Student: 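Have a look at this one before I ask anything.
These figures come from a predicted structure and were not determined experimentally. These numbers come from the heavy atoms of this one structure, side chains and all, not from hydrogens, waters or symmetry mates. Both counts, for ligands and for their atoms, begin at 1 and track the order of listing.
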Amino acid sequence: MLENLSTDEIISRGKTALMNTYNQAPIALTKGEGVWVWDTDHKRYLDFVTGIAVSSLGHSHPKVVEAIRRQAGELIHTSNLYWIPNQVALAERLIENSFAEKAFFCNSGGEANEGALKLARKYAKKNYGTHKYEVVSLTSSFHGRTLATLTATGQPKYHKDYEPLPVGFSYVALNDLKALESAVNENTAAVLIEPIQGEGGVYPATDEFLQKSRELCNRFNALLIFDEVQCGVGRTGKLFSHQWSGVTPDIMTLAKALAGGLSIGAIMSTAKVAAAFEPGDHGTTIGGNPLAMAAGCAVLDVMLEDGFFEGVLERSEYLCRGLNKLAEKYGIVGKVRGQGMMLGLTVGEKAPLIMNNCRKNGLLINCVEGKTFRFLPPLIVDNTEIDEALAIMDKTFSMVL
Ligand SMILES: *Cc1c(COP(=O)(O)O)cnc(C)c1O
């Protein structure tokens with residue numbers, strides 16, 4: 001481990017050894033506890049990014065750490081060639097608490113969406129014929145980095161340089177009912193939607209849009225897929241974000257927060273849809289391993305405790321009020337949008353500069369679209385910590401704006 005190197009040495013060696021795929025901030029984090037993380041120079045930060053909605057219970061949550069420790073000492077990996085008890089347990093837990101009747105576990109969000117698209121195509125082909133393979137997704141969406149999921153991602157910047165892309169994908173704008181209506185037809189195998197767009201700037205789908213997508217999928221025998229990789233697993237103050245709307249998909253994908261920071265992805269579906277997959281149709285070597293499954297069960301144990309989500313929603317309201325007050329004080333036109341602990345505020349082109357200065361002042365926040373703050377604090381953040389974050393933002397805004 002290189003934990004004893006200075007930050008500058010880590011950066012310099014990292015630039016030599018690692019592929020140049022990220023514009024990292026010039027810090028290296030080596031410890032975390034609750035809402036706090038520490039860098040190699042022992043500087044402490046309030047973490048309102050949580051590794052992009054992954055460490056939702058905060059860092060090193062004792063119940064998650066204990067589950068991982070215990071399982072690591074028993075058995076880390078076998079294979080899906082054999083039954084995995086923890087996999088059955090996590091599947092049952094997710095099924096009990098959702099529309100779904102079947103689960104498939106993999107290693108990431110992109111992989112879950114890739115598998116969901118394969119499932120939708122197989123289902124459509126098997127039940128309706130080879131003409132039915134098209135996928136309608138949304139502009140400004142984000143679904144992953146594999147060739148099919150980056151194609152489903154409705155942002156040209158992710159497409160360029162990777163053409164030719166898989167065929168059969170088209171895009172409509174979020175909440176544009178007319179565009180959706182004209183895009184879905186008898187060739188549509190699936191409509192793929194994030195109930196709240198994350199990477200695209202924290203834009204929620206309206207209930208009407210989700211309802212319309214459900215109606216159109218019913219009318220044309222297409223599958224409705226909700227990508228809850230970011231907005232799912234408690235992030236919005238319900239276990240799954242679509243539960244706010246009452247609209248139920250046929251397939252839902254999960255990842256990020258599900259195993260408290262271990263690699264995981266999940267495809268959840270109805271039994272009818274899942275029946276399209278037979279042995280050999282899809283698979284994974286490490287997906288669904290005993291260690292990630294144990295972590296997943298621990299995460300759900302904590303989130304499903306009585307009163308957990310009530311607390312999240314109360315503190316979310318407190319954070320929203322504080323952010324809206326700040327926006328007003330500094331003449332920011334927009335209001336906070338999103339739900340629970342997935343919040344966005346568009347502040348304009350100075351957002352990246354403010355983000356960097358917040359970091360220097362001890363608060364990690366994230367910026368998307370070059371102009372929007374995306375706040376993804378741990379669900380366990382308390383009002384004192386929210387006050388601290390707001391104070392750091394106030395101080396930083398007053399310096400920059
Ligand atoms: C992060 C994300 C993905 C991709 O997940 P990875 O684990 O990075 O592959 C897919 N969809 C949404 C909505 C995401 O936020």
Student: For the 3.5 Å polar cut-off, considering only N or O atoms, please tell me whether E111 and ligand 1 meet it.
Tutor: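 E111 vs ligand 1: no N/O contact under 3.5 Å.
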
Student: Quick check: does any side chain N or O of T236 sit under 3.5 Å from a backbone N or O of G232, one acting as donor and the other as acceptor?
Tutor: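 Not at all, since once roles are kept as given, no pair shorter than 3.5 Å links the two residues.
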
Student: Under 4.0 Å, heavy atoms only, figure out whether ligand 1 is touched by the backbone of E194, its side chain, both or neither.
Tutor: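 Side chain only; the backbone of E194 stays clear of ligand 1.
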
Student: Using heavy-atom distances, let me know which of S108, S141, G109, P195 sits nearest atom 5 (O) of ligand 1.
Tutor: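 Comparing heavy atoms across S108, S141, G109, P195, the nearest one to atom 5 (O) of ligand 1 lies in G109.
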
Student: Under 6.0 Å from the six-membered ring centre of Y128 and within 45° of its axis: does the NZ or CZ of K125 meet both?
Tutor: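 Ring-cation test returns no.
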
Student: Hey, which atoms in ligand 1 end up nearer than 4.0 Å to a heavy atom of N113?
Tutor: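 With N113 as reference, the close atoms of ligand 1 come out as 10 (C), 11 (N).
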
Student: Report the nearest protein non-hydrogen atom to atom 2 (C) of ligand 1: residue, atom name, distance rounded to 0.1 Å.
Tutor: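 Checked against all protein heavy atoms, atom 2 (C) of ligand 1 sits closest to K256 NZ, 2.4 Å.
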
Student: So if I count the atoms of ligand 1 from 1 in the order they appear, which ones are less than 4.0 Å from some heavy atom of D227?
Tutor: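 Answer, ordered by atom number: 10 (C), 11 (N), 12 (C), 13 (C).
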
Student: Less than 3.5 Å between some nitrogen or oxygen of F142 and one of ligand 1, yes or no?
Tutor: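 So ligand 1 has an N or O lying under 3.5 Å from an N or O of F142.
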
Student: How are the rings of F397 and F373 set relative to one another: parallel (under 30°), tilted (30 to 60°) or perpendicular (over 60°)?
Tutor: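 Judged by the thresholds at 30° and 60°, the geometry between F397 and F373 is parallel.
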
Student: Side chain to side chain contact (heavy atoms under 4.5 Å, CB included) for Y318 and D387? Distances and angles first, verdict last.
Tutor: CA-CA 9 Å; Y318 186 77; D387 284 338; 2.6 Å; yes

Student: Tell me whether E199 reaches ligand 1 (any heavy atom closer than 4.0 angstrom to a ligand atom).
Tutor: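 For ligand 1, residue contact (heavy atoms, under 4.0 Å) with E199 is absent.
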
Student: Does any N or O of ligand 1 fall below 3.5 Å from an N or O anywhere on G110, backbone included?
Tutor: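 Checking ligand 1 against G110, an N or O pair does fall under 3.5 Å apart.
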
Student: With a 3.5 Å distance limit and no angle check, can you tell me whether R235 reaches the backbone of F240 through a side-chain donor-acceptor pair?
Tutor: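 Side chain of R235 to backbone of F240, a donor-acceptor pair under 3.5 Å: no, none is there.
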
Student: Under 3.5 Å, is there a donor on one side chain and an acceptor on the other for Y171 and Q155?
Tutor: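 No.
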
Student: Would you check if the side chain of D394 reaches a backbone N or O of L390 as a donor-acceptor pair within less than 3.5 Å?
Tutor: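 Not at all, since once roles are kept as given, no pair shorter than 3.5 Å links the two residues.
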
